[in-house]
**Q** 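Just dropping this structure here.
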Amino acid sequence: MKKREFIKTGAVLAAGALVAPLSSCNSDASSADAKKSEAKNITTTKFELPKLPYAFDALAPNIDAETMQIHHGKHHAGYVRKLNAALEGHRLAGKDLKEIISSLGKDDTGVRNNGGGHFNHSLFWNIMKPGGGKVPAGKLADAIKSTFGDFDKFKEVFAKAAATRFGSGWAWLAVDGAGKLFVSSTPNQDNPLMKGLVKETGTPILGIDVWEHAYYLNYQNRRKDYINNFFNIINWEAVAKNYDMI
Ligand code: MN
């Protein structure tokens with residue numbers, strides 16, 4: 001071995017000898033930290049804003065980038081933040097979101113509005129995609145046909161529910177307790193999972209947000225145009241997956 005090579009190797013070994021005990025110390029420390037934060041998480045589970053599954057401008061021109069940015073980064077983020085605050089010390093704290101919004105009482109206003117807001121928007125982002133639209137396939141297509149007659153008739157019923165929702169709210173395609181599809185609409189951030197609080201109960205598989213914040217920058221008062229264009233970006237594969245999971 002040449003002298004220079006020996007010095008280099010020796011330096012690496014020495015560094016290795018120094019680093020090894022340090023790193024094992026660190027790993028002990030971090031596993032202790034992990035245990036501590038795990039224990040902490042049991043009592044302070046926080047909901048988090050999910051990442052949008054596409055870019056802010058991906059749904060344009062049907063939904064513009066600025067609307068998406070504000071809708072996701074301000075409105076949805078606000079529901080998540082306020083839900084976490086409303087759940088502090090609440091009997092439903094620590095449950096999963098679906099269970100929370102299926103178990104609400106009439107006085108749970110904060111959890112109802114913000115838990116609904118978090119659930120509804122999380123569903124909404126996932127049932128849209130750039131280059132969506134077209135028509136559903138498979139079992140869901142059969143169920144739509146047997147319930148509504150054909151796809152166009154379904155579209156008409158759904159669009160009407162969305163257009164005629166007075167004020168702010170949502171229109172849904174959902175599945176009832178008997179496994180049958182239905183269309184409904186709910187005010188504010190309610191949804192069909194809210195047993196005892198909404199008229200028609202079931203599990204939503206598709207929803208459209210008809211709050212003005214969802215379309216006003218681009219469509220102003222033309223809610224019907226927004227609803228029509230929403231059909232260009234529906235991710236029917238995701239809706240079919242929601243249907244299959246019930
Ligand atoms: Mn919204």
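What you see below is based on every heavy atom in this structure, not just the backbone, and it leaves out hydrogens, waters and symmetry mates.
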**Q** Describe, in one word, how the ring planes of H118 and H76 are oriented to each other, choosing from parallel (under 30°), tilted (30 to 60°) and perpendicular (over 60°).
**A** tilted

**Q** Is the shortest distance from a Lys or Arg side-chain nitrogen in R223 or E212 to a carboxylate oxygen in the other one below 4.0 Å?
**A** no

**Q** Any idea how H71 and H75 line up, ring-wise: parallel (<30°), tilted (30 to 60°), or perpendicular (>60°)?
**A** perpendicular

**Q** Does some side-chain heavy atom of L206 sit less than 4.5 Å from a side-chain heavy atom of Y243?
**A** no

**Q** N126 and N235: which non-hydrogen atoms are nearest, and at how many Å?
**A** O-ND2, 3.7 Å

**Q** Does D176 have any salt bridge (charged side-chain N to carboxylate O under 4.0 Å, His left out) partners at least two apart in sequence or in another chain, and if so, which?
**A** none

**Q** Looking at every non-hydrogen atom in both residues, tell me the closest pair between L173 and F158 and how far apart they are.
**A** N-CE1, 3.8 Å

**Q** State, to 0.1 Å, how close P204 and L123 come at their nearest heavy-atom pair, and which atoms those are.
**A** O-CD1, 4.0 Å

**Q** Between L104 and R112, does the side-chain contact (heavy atoms from CB on, under 4.5 Å) criterion hold? Intermediate values first, please.
**A** CA-CA 7 Å; L104 294 165; R112 177 180 179 173; 3.8 Å; yes

**Q** With a 4.5 Å cut-off on side-chain heavy atoms, are D64 and D57 touching?
**A** no

**Q** Indicate yes or no for a side-chain donor-acceptor contact from S146 to the backbone of A143 under 3.5 Å, with no hydrogens or angles considered.
**A** yes

**Q** Run the ring-ring contact (aromatic ring centres under 6.0 Å, His included) test on F231 and W236 for me, step by step, so that the C-alpha distance in whole Å, both residues' side-chain angles and the decisive distance to 0.1 Å come before the verdict.
**A** CA-CA 10 Å; F231 278 91; W236 281 111; 7.3 Å; no

**Q** Under 4.5 Å between side-chain heavy atoms, hopping through other hydrophobics if needed: is there a path connecting Y215 to W211?
**A** yes

**Q** Can we say E88 and K46 salt-bridge, meaning some charged N sits less than 4.0 Å from an Asp/Glu carboxylate O?
**A** yes

**Q** Would you give the length of the straight line joining atom CG of N62 to atom CG of D225, rounded to the nearest 0.5 angstrom?
**A** 11.5 Å

**Q** Would you say V198 and L193 make side-chain contact, with heavy atoms under 4.5 Å?
**A** no

**Q** Spell out, as yes or no, whether a donor-acceptor pair under 3.5 Å connects the side chain of K134 to the backbone of G131.
**A** yes

**Q** Verify side-chain contact (heavy atoms from CB on, under 4.5 Å) between E156 and F148, making sure each step is shown before the conclusion.
**A** CA-CA 10 Å; E156 198 181 296; F148 301 99; over 6 Å; no

**Q** Between I246 and I205, does the side-chain contact (heavy atoms from CB on, under 4.5 Å) criterion hold? Intermediate values first, please.
**A** CA-CA 9 Å; I246 293 167; I205 59 171; 3.6 Å; yes

**Q** Under 4.5 Å between side-chain heavy atoms, counting indirect links through other Ile/Leu/Val/Met/Phe/Trp/Tyr residues: same cluster for M194 and W170 or not?
**A** no

**Q** For H72 and P50, indicate whether the former's side chain and the latter's backbone hold a donor-acceptor pair under 3.5 Å.
**A** yes

**Q** Kindly give the heavy-atom pair with the smallest separation between A238 and I127, and that separation in Å.
**A** CB-CA, 4.4 Å

**Q** Side-chain contact, heavy-atom cut-off 4.5 Å: M128 with I234?
**A** no

**Q** Please check if V175 and F151 belong to a single hydrophobic cluster, counting links between Ile, Leu, Val, Met, Phe, Trp and Tyr side chain heavy atoms closer than 4.5 Å.
**A** yes

**Q** Run Y79 and L49 through side-chain contact (heavy atoms from CB on, under 4.5 Å) and show every step you take.
**A** CA-CA 9 Å; Y79 295 123; L49 179 66; over 6 Å; no

**Q** Spell out, yes or no, whether I70 and Y226 are grouped together once hydrophobic residues are joined by side-chain heavy atoms under 4.5 Å, including indirect joins.
**A** no

**Q** Is there a side-chain contact between T203 and P192 (heavy atoms, below 4.5 Å)?
**A** no

**Q** Which pair of non-hydrogen atoms, one from I208 and one from A162, has the smallest distance, and what is that distance?
**A** CG2-CB, 3.8 Å

**Q** Using the ring of each side chain (for Trp, its six-membered ring), is H121 parallel, tilted or perpendicular to W125, with breaks at 30° and 60°?
**A** tilted

**Q** Could you check whether any side-chain heavy atom of Y219 comes within less than 4.5 Å of a side-chain heavy atom of T67, counting everything from C-beta outward?
**A** no

**Q** Can you list the residues that meet the salt bridge (charged side-chain N to carboxylate O under 4.0 Å, His left out) rule with D244, with sequence neighbours excluded?
**A** K139

**Q** Taking V111's backbone N and O only, do any of them form a donor-acceptor pair with N114's side chain (distance below 3.5 Å, no angle check)?
**A** no

**Q** Taking all non-hydrogen atoms of both residues into account, name the closest pair between P61 and N218 and its distance.
**A** O-ND2, 3.5 Å

**Q** Among the clusters formed by ILVMFWY side chains lying less than 4.5 Å apart, do F119 and F124 turn up in the same one?
**A** no

**Q** Go through the side-chain N and O atoms of N113 and Q189 and say whether any donor and acceptor fall under 3.5 Å apart.
**A** no

**Q** List the atom pairs, donor and acceptor, that lie under 3.5 Å between side-chain atoms in residues 179-187 and the rest of the protein, sequence neighbours left out.
**A**
residue, atom, partner, partner atom, Å
S185, OG, R165, NE, 2.9
S185, OG, R165, NH2, 3.1
T186, OG1, W172, NE1, 2.8
T186, OG1, D190, O, 2.8

**Q** Are the side chains of K74 and Q69 in touch, meaning some heavy atoms are under 4.5 Å apart?
**A** no

**Q** Does some side-chain heavy atom of Q220 sit less than 4.5 Å from a side-chain heavy atom of R222?
**A** yes

